[in-house]
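Order of listing sets the numbers, starting from 1, for every ligand and every atom in it.
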Amino acid sequence: MNLTNRHLLLGVTGGIAAYKAAELARLLVKAGAEVQVVMTQAATRFVAPLTFEALTGNSVCTDLFDSAHEAAMGHIELARWADLVVVAPATADFMARLAAGRADDLLTTLCVATKAPVAVAPAMNQQMWANAATQESIKTLEGFHMLIWGPAAGEQACGDVGPGRLFEAAQLFQLVCEHFATGLFAGVRALITAGPTHEALDPVRFIGNRSSGRMGFAMAQALVEEGAEVTLVAGPVSMKTPRGVTRIDIESAMQMHSEVMQRVTTCDLFVATAAVADYRPQQSAAEKIKKSGEKLTIELIRNPDILANVASLENSPYTVGFAAETERLEEYAQRKRIDKRIDIIAANLVGAAEGGFESTQNALTVFWEGGQQQLPLTDKLRLARQFITLMSEHFYARTGT
Ligand code: C5P
């Protein structure tokens, strides 16, 4: 599971099982997550903050009134930053405070202040777990839609046997992964191209096009929202990377081709939204070209068709193409779908009156073998969400899952 760009707030409270949280932090970081650890004062008596700092690369927050931390990232900011809060281990005292809505230290304050889901992994002596007040806290937290992960039963640090053991780090890690692995494209590895390409004429000039990258970035966001692991190979655009997306920046068609081909064998879905230049200058001059005669001739050569190359691979992923046309939309789009041997193509008219290249809105007509559907003009993110919902039926029909 890839947790790249996921923001995990790991709360650690004062129980002997706190050492297991260090292993959990390591697993999360290894999976690509950004991990911010918040410890209660009692937790720091069991494990030194330095352990978590070394594992996560982030300084550990312990105090609501620490001005240095508040200046760097205030507690409200931290609460907003989190995609998921996991408190492991969670003591009986911590859960009682949370159930009462207290905000009397940094960790409870964050749990109260965040909109992100909160998962609590209890760990305590079996008698404390059985205690009526603890059971009441658990019920209350469940009523608040908090996730209760555990406890496991077995031998305890104090010698007792029974329920109250913290889940193992691997089990907690699995639960975090499952938490993110929901949605129409859960666990699907998607590779997307977006934006224009720049084909260098010399060190300062290039041949480019008007693609803004918006449609591709919207596709990336829509797919990541639906649980896909998304890698985006982007040409030169000024777009913010959607949360959870791994981005690779390139300039030219040849670079895009090479980055795609290196990754395509491990992906299930390839979405080509990029406006790849069909031709590139045969030679890019080493120095700036000086003006001389009245005419200048530049020899262009064909670029590889990335989408067609991917679609013709022996074990090709499901392939999605885009076709921007100025006329005869259906005819040209269908021809592209068949010629490039792609599974589905989304076509749109580009021109002054339509949405398209530089616009924030777009309309698509989607063609597949034996069918088509119109998606009317709307903003590109909404359109991308509609398109991937439609596409999911065909994707799963072909991949058979
Ligand atoms: O043939 P045309 O460029 O109109 O085809 C558009 C589709 O093919 C788009 O999905 C685009 O991303 C893809 N394409 C590509 N590599 C090229 C040219 C187009 O992947 N060199």
Task: salt_bridge(Arg335, Glu325) N-O dist < 4.0 Å - done: no

Task: Close residues, ligand 1: non-hydrogen atom nearer than 4.0 Å - done: Ala272, Thr273, Ala274, Val276, Pro304, Asp305, Ile306, Leu307, Gly321, Phe322, Lys336, Lys340

TODO: Check whether more than 12 heavy atoms from other residues, nucleotides or ligands sit under 6.0 Å from atom CD of Glu327, and answer yes or no.
DONE: yes

Open item on the list: Consider side chain to side chain donor-acceptor pair (under 3.5 Å). Of Thr266, Thr231, Asp268, which one does Arg189 pass it with?
Closed with: Asp268

Task: Basic-acidic side-chain contact under 4.0 Å: Glu23, Arg26 - done: yes

Task: Gln127, CD: over 12 other non-hydrogen atoms inside 6.0 angstrom - done: no

Open item on the list: Using 30° and 60° as the class boundaries, would you call the ring planes of Phe322 and Phe387 parallel, tilted or perpendicular?
Closed with: perpendicular

